[in-house]
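The next block holds one structure in the form of C-alpha cells; read it before the comments.
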Amino acid sequence: KSHGLLDTVSRAYGFKYAEFWQPALLYGDDPVGDETRLFASDSRLTDEKLKNLYRLTRENMRSTNMENFYDISDALDSRETAYYTDAAHISGEGNGDVAEKILELVGDDFPR
C-alpha cells in the first residue's frame with residue numbers, strides 16, 4: 001500500500017522516486033571477517049524460521065514487479081571485508097558500496 005501511495009503522490013506532484021530492497025545477513029550471506037562473531041552472538045542469524053521468512057518476503061516483493069522498485073539485496077555478496085555491524089545494519093564503507101550499486105541502477109534518471 002505504501003508503494004501505491006508513493007506512486008500516486010509522485011504523479012500528483014511531478015517527482016521521481018526509487019525504492020530499494022537492502023542487503024541483510026539474514027538472506028543467507030556467508031559471514032566475512034569479524035562478521036563471524038555476529039553469528040555466535042545474534043540468534044536471529046541462525047534462526048532458520050526467521051531466515052526463511054526473510055527469503056520468502058524478498059521473493060514476494062520481487063514477484064510484484066513494481067515500477068521504480070530495485071532489489072539490491074545482493075549488493076554486498078562479493079564483499080571481502082566485514083560490512084555488517086549486526087544482522088541488517090551496514091558500516092559506512094558498506095553503505096558506500098550500496099550507494100555505488102544504486103547509482104549504477106538509476107544512472108542519469110535521477111539528479112545527484
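- For Ala99, there are no side chain to side chain contact (heavy atoms under 4.5 Å, CB included) partners, not counting sequence neighbours.
- Asn95 places a side-chain N or O within donor-acceptor distance of the main-chain N or O of Ile90, the cut-off being under 3.5 Å.
- Atom CG of Asn68 sits about 9.0 Å away from atom NZ of Lys16, to the nearest 0.5 Å.
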*asked:* Run Ser73 and Met61 through side chain to side chain contact (heavy atoms under 4.5 Å, CB included) and show every step you take.
replied: CA-CA 12 Å; Ser73 59; Met61 293 299 294; over 6 Å; no
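- In this structure, Gln22 and Ala88 approach most closely via the heavy-atom pair NE2-O, 3.5 Å.
- Remark: the backbone N or O of Asp77 is not paired with any side-chain donor or acceptor of Asp74 at under 3.5 angstrom.
- Test Leu38, Asp42, Leu45 against Tyr84 for side-chain contact (heavy atoms from CB on, under 4.5 Å) and you get one pass: Leu38.
- Classified by interplanar angle (parallel below 30°, tilted 30° to 60°, perpendicular above 60°), the ring pair Phe20/Tyr70 is parallel.
- Screening Val32, Val98, Leu25 for a side-chain contact (heavy atoms from CB on, under 4.5 Å) with Leu76, the sole residue that qualifies is Val98.
- Atom OG1 of Thr81 and atom CD of Glu93 lie 4.5 Å apart (nearest 0.5 Å).
- Note that the CG atom of Leu26 and the CG atom of Leu50 stand 5.0 Å from one another [nearest 0.5 Å].
- Pairing each heavy atom of Ala75 with each of Pro23, the nearest pair is CB-CG, 4.1 Å.
- Heavy atoms from other residues, nucleotides or ligands lying under 6.0 Å from CD of Glu80 number 12 at most.
- A continuous path of Ile, Leu, Val, Met, Phe, Trp and Tyr side chains, each step under 4.5 Å between heavy atoms, connects Phe15 with Leu5, placing both in one hydrophobic cluster.
- Annotation for Glu48 and Arg55: closest pair OE1-NH2, 3.9 Å, computed over non-hydrogen atoms.
- For Glu35 (side chain) and Tyr83 (main-chain N/O), a donor-acceptor pair under 3.5 Å exists by modelled atom type.
- A salt bridge links Asp7 with Arg11: the closest approach of a Lys/Arg side-chain nitrogen to an acidic carboxylate oxygen falls below 4.0 angstrom.
- Of all the heavy atoms in Tyr27 and Tyr54, the pair that sits closest is CE2-O, 3.5 Å.
- The number of heavy-atom neighbours closer than 6.0 Å to CZ of Arg37, taken from other residues, nucleotides and ligands shown, is 12 or below.
- The distance from atom CE of Met66 to atom CG of Asp71, rounded to the nearest 0.5 Å, is 10.0 Å.
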*Asp97/Arg79 under side chain to side chain contact (heavy atoms under 4.5 Å, CB included): CA gap, chis, key distance, verdict*: CA-CA 9 Å; Asp97 282 1; Arg79 71 193 181 288; 5.7 Å; no
